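Scroll down for the structure; my scribbles are underneath it.
Quantities reported herein were computed from a predicted structural model and do not represent experimental measurements. Quick note: residue numbers are just sequence positions, from 1.
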Amino acid sequence: MTRTTRTTALVLALTGALALSACGGGGFEEEGASSAPASASGPANLTMLIASSGDAETNAVKAAADAWAQKSGNKVTVTVASDMNQQLAQGFASGKPADVFYMDASRFADYAKNGSLYPYADQLSDNSDFYEPLRQTFTYEGKQYCAPKDFSTLALEINTDSWEKAGLTDADVPTTWDQLEAVSKKLTTKDQVGLGIGVGIDRLGAFVVQNGGWWLSDDGKSASADTPAVTDALEYVQRNVKAGNFKMSNQLDSGWGGEAFGTGKAAMTIEGNWIKGAVKNDYPDLKYKTVELPAGPAGKGTLQFTQCWGVASDSKAQAQAVDLVKSLTTVDQQMAFADAFGVMPSRQSAADQYKSKFPEDAPFIAGGEYGHGPINAPGMEQVVADLNSKLESFGNANLPQVLEGFDTNAGSALGQ
């Protein structure tokens with residue numbers, strides 16, 4: 001792709017045309033390695049752009065970058081973005097992007113398509129150590145582009161006081177949809193619903209995966225929402241919403257499932273490992289435990305949320321940037337990040353060490369094996385936004401009509 005074409009695409013991104021995208025893709029490209037990386041002559045002065053959760057993350061990333069710089073003789077300047085999507089798009093459009101940056105899975109396919117990303121994953125000798133679903137998330141047109149930085153998954157959180165009050169024991173922890181429905185019914189009182197679920201496909205999609213469905217085909221090139229696998233999954237949830245066993249967070253006057261759970265409006269919720277920080281900060285008296293999501297008719301399933309270490313195709317120091325990424329993704333460094341700001345390592349070889357140090361997170365890390373990333377196709381932002389808007393009043397949604405509409409809109413975006 002020429003610079004002019006890529007610049008035009010990125011200018012559109014600034015006006016809202018950049019799309020949410022994610023997992024789909026086929027296998028990994030084994031042959032045809034990426035072109036030789038550009039290498040700065042003499043010591044490189046790398047720039048890194050990150051979207052930080054706070055001082056702990058910023059300081060940890062800066063320390064890791066400084067350690068690599070001191071060892072390699074290069075320099076790294078780390079900048080915390082105030083608006084990551086806008087600053088990335090502006091950098092690419094100007095031809096002067098950061099050399100290394102956080103690349104969110106929901107934005108990956110658009111940037112891969114328009115040529116902004118340097119595909120370096122085939123230069124990682126231990127690339128197979130990253131969880132395969134995460135590798136697939138950062139694969140476009142058969143080529144994996146970048147190394148997964150870390151990841152999060154969804155699991156089931158249970159208020160243990162409510163659980164015991166309902167006469168439930170460890171033997172009642174749900175492992176199937178039928179059991180989830182049964183315990184939700186037992187946990188529901190006039191003041192508390194059994195299960196509170198956040199609005200939109202970033203939570204409802206877990207049920208879709210558990211039923212063997214997805215919004216797009218495996219290759220990400222055609223829509224597949226209007227199918228029994230997707231419809232039946234959503235109808236299971238909707239039936240329980242209508243019965244009062246489940247409620248969506250907006251029915252509970254809550255901004256997300258964690259708020260409904262923390263304020264006692266829901267005895268259970270489905271959220272990611274970020275809920276630990278929310279409970280610690282906002283609901284310190286809440287007693288709860290986390291278990292894996294119940295399996296559906298097609299087996300276990302959850303959603304994965306992840307970022308990779310992106311390297312710019314316009315970087316003049318790609319070789320040094322890739323070497324920095326290698327340093328940032330070692331087991332030791334990923335565990336240091338886990339200690340500093342609570343992320344889960346994207347390497348399978350780090351799982352046992354992570355679970356030993358954070359045993360309460362075992363249900364989350366388990367999802368690395370069977371989780372599904374977001375929609376992996378360019379041009380889908382408005383299509384997904386439209387789908388989410390139509391699912392806001394979930395209990396009354398005409399699901400067949402909604403899914404048919406999604407397929408029509410997605411097909412148009414995909415050029416069908």
| query | Will you find, in the side chains of D191 and T189, an N or O donor that is under 3.5 Å from an N or O acceptor? | reply | no

| query | Taking C-beta and beyond as the side chain, do M48 and L328 meet within less than 4.5 Å on heavy atoms? | reply | yes

| task | Would you confirm whether S313, through its side chain, and G115, through its main-chain N or O, come within 3.5 Å as a donor-acceptor pair? | result | yes

| task | State, to 0.1 Å, how close L187 and A166 come at their nearest heavy-atom pair, and which atoms those are. | result | CD2-CB, 3.9 Å

| query | Is there a donor-acceptor contact under 3.5 Å from the side chain of S356 to the main chain of D352? | reply | no

| Candidate pair D386 and S389, rule side-chain contact (heavy atoms from CB on, under 4.5 Å), full reasoning | CA-CA 5 Å; D386 180 70; S389 69; 4.1 Å; yes

| said: How long is the straight-line distance from CD of Q401 back to CG of D226, given to the nearest 0.5 Å? | reply: 11.0 Å

| Counting N and O atoms only, with roles assigned by atom type, does the side chain of Q179 sit under 3.5 Å from a partner on the main chain of P174, one being a donor and the other an acceptor? | no

| message | Counting C-beta onward and ignoring hydrogens, is there a side-chain heavy-atom pair between Q136 and E132 closer than 4.5 Å? | response | yes

| field | Pairwise distance CG(D150) to OH(Y102) - rounded to 0.5 angstrom | value | 7.0 Å

| said: Checking Q210 against Y236: is there a side-chain donor and acceptor pair closer than 3.5 Å? | reply: no

| request: Return yes if some donor-acceptor pair links the side-chain N/O of S52 with the main-chain N/O of G54 below 3.5 Å, else return no. | output: yes

| query | Under 3.5 Å, is there a donor-acceptor pair between the T176 and D178 side chains? | reply | no

| Less than 4.5 Å apart, any side-chain heavy atom of D282 and any of E259? | no

| message | Donor-acceptor pair, distance only, cut-off 3.5 Å: does the side chain of T47 make one with the backbone of T77? | response | no

| With ring centroids as reference points, do F130 and F138 lie under 6.0 angstrom apart? | no

| request: Evaluate side-chain contact (heavy atoms from CB on, under 4.5 Å) for V311 paired with Y145, printing each intermediate quantity in order. | output: CA-CA 9 Å; V311 172; Y145 275 64; over 6 Å; no

| message | Quick one: does any side-chain atom of D407 pair with a main-chain N or O of E404 as donor and acceptor, under 3.5 Å? | response | no

| If we ignore angles and hydrogens, is there a donor and acceptor under 3.5 Å between the side chains of Q304 and T137? | no

| task | Provide the closest heavy-atom pair for A223 versus A410 in the form atom of the first, atom of the second, distance. | result | CB-CB, 3.8 Å

| Minimum heavy-atom separation for T306 to D104, with atom names? | O-OD1, 3.8 Å

| note | Rounded to the nearest 0.5 angstrom, the CG-CE distance for L156 and M268 is 5.5 Å

| task | Considering only NZ, NE, NH1 and NH2 on the basic side and carboxylate oxygens on the acidic side, decide whether D361 and K276 come within less than 4.0 Å. | result | yes

| task | Side-chain contact test, heavy atoms from C-beta onward, threshold under 4.5 Å: evaluate it for L234 versus V402 and give yes or no. | result | no

| task | Would you indicate whether the side-chain heavy atoms of I197 and V241 approach each other to under 4.5 Å? | result | no

| request: Verify, without hydrogens or angle tests, whether S224 (side chain) and L216 (backbone) share a donor-acceptor contact under 3.5 angstrom. | output: yes

| Are side-chain heavy atoms of Y288 and Y283 found at a separation under 4.5 Å? | no

| said: Let's go through V322 and W309 carefully: what are the C-alpha distance in whole Å and the side-chain angles of both, what is the deciding distance for side-chain contact (heavy atoms from CB on, under 4.5 Å) to 0.1 Å, and is it a yes or a no? | reply: CA-CA 9 Å; V322 172; W309 290 105; over 6 Å; no

| said: What I want to find out is whether E369 reaches K300 closely enough, with some N-O distance under 4.0 Å, to be called a salt bridge. | reply: no

| Polar side-chain atom of S152 near backbone of N273 as donor-acceptor pair, under 3.5 Å | no

| note | What one should report as the nearest heavy-atom pair of V100 and A321 is CG2-CB, 3.6 Å

| task | Establish, from distance only, whether the side-chain atoms of S346 and Q334 form a donor-acceptor pair under 3.5 Å. | result | yes

| Cut-off 3.5 Å, side chains only: do W68 and D323 have a donor facing an acceptor? | yes

| field | Contacts of D126 that satisfy salt bridge (Lys or Arg N to Asp or Glu O under 4.0 Å) - sequence neighbours left out | value | R347

| request: Check the angle between the aromatic planes of F305 and W274 and answer parallel, tilted or perpendicular using the 30° and 60° thresholds. | output: perpendicular

| field | Atom of A147, atom of Y120 and distance for their closest heavy-atom approach | value | N-OH, 3.0 Å

| query | Quick one: do R203 and E271 make a salt bridge, cutoff under 4.0 Å? | reply | yes

| query | Just by modelled atom types, is the D99 backbone N or O under 3.5 Å from a matching donor or acceptor in the Y118 side chain? | reply | no

| query | At what distance, to the nearest 0.5 angstrom, does CZ of F337 lie from CE of M344? | reply | 16.0 Å

| More than 12 heavy atoms from other groups under 6.0 Å of NZ on K149 | yes

| Heavy-atom check, side chain of V80 versus side chain of E57, under 4.5 Å | no

| task | Verify side-chain contact (heavy atoms from CB on, under 4.5 Å) between D161 and K165, making sure each step is shown before the conclusion. | result | CA-CA 6 Å; D161 285 341; K165 189 175 181 180; over 6 Å; no

| task | Report the distance from atom CZ of F246 to atom CG of L180, rounding to the nearest 0.5 Å. | result | 4.0 Å

| task | Please report the closest heavy-atom contact between A312 and A98, naming both atoms and the distance. | result | CB-O, 3.4 Å

| query | Looking at residues at least two apart in the chain, or sitting in another chain, which of them share a salt bridge (Lys or Arg N to Asp or Glu O under 4.0 Å) with K221? | reply | E141

| Check: D129 side chain, S349 main-chain N or O, donor-acceptor pair, under 3.5 Å | yes

| Lys/Arg cation over aromatic Y140: K113, 6.0 Å, 45° cone | no

| query | Roughly how far, to the nearest 0.5 Å, is NZ of K390 from CG of N388? | reply | 11.5 Å

| message | Taking NZ in K96 as the centre, count heavy atoms belonging to other residues, nucleotides or ligands within less than 6.0 Å. Is the count above 12? | response | no

| request: Consider only side-chain N and O atoms of D219 and S217, and report whether a donor and an acceptor are under 3.5 Å apart. | output: yes

| Do T290 and E360 get their side chains close enough for a donor-acceptor pair, meaning under 3.5 Å? | no

| said: Atom CG of residue position D170 - does it have more than 12 heavy atoms of other residues, nucleotides or ligands inside 6.0 Å? | reply: no

| query | Is there side-chain contact between M248 and L391, with at least one heavy-atom pair below 4.5 Å? | reply | no

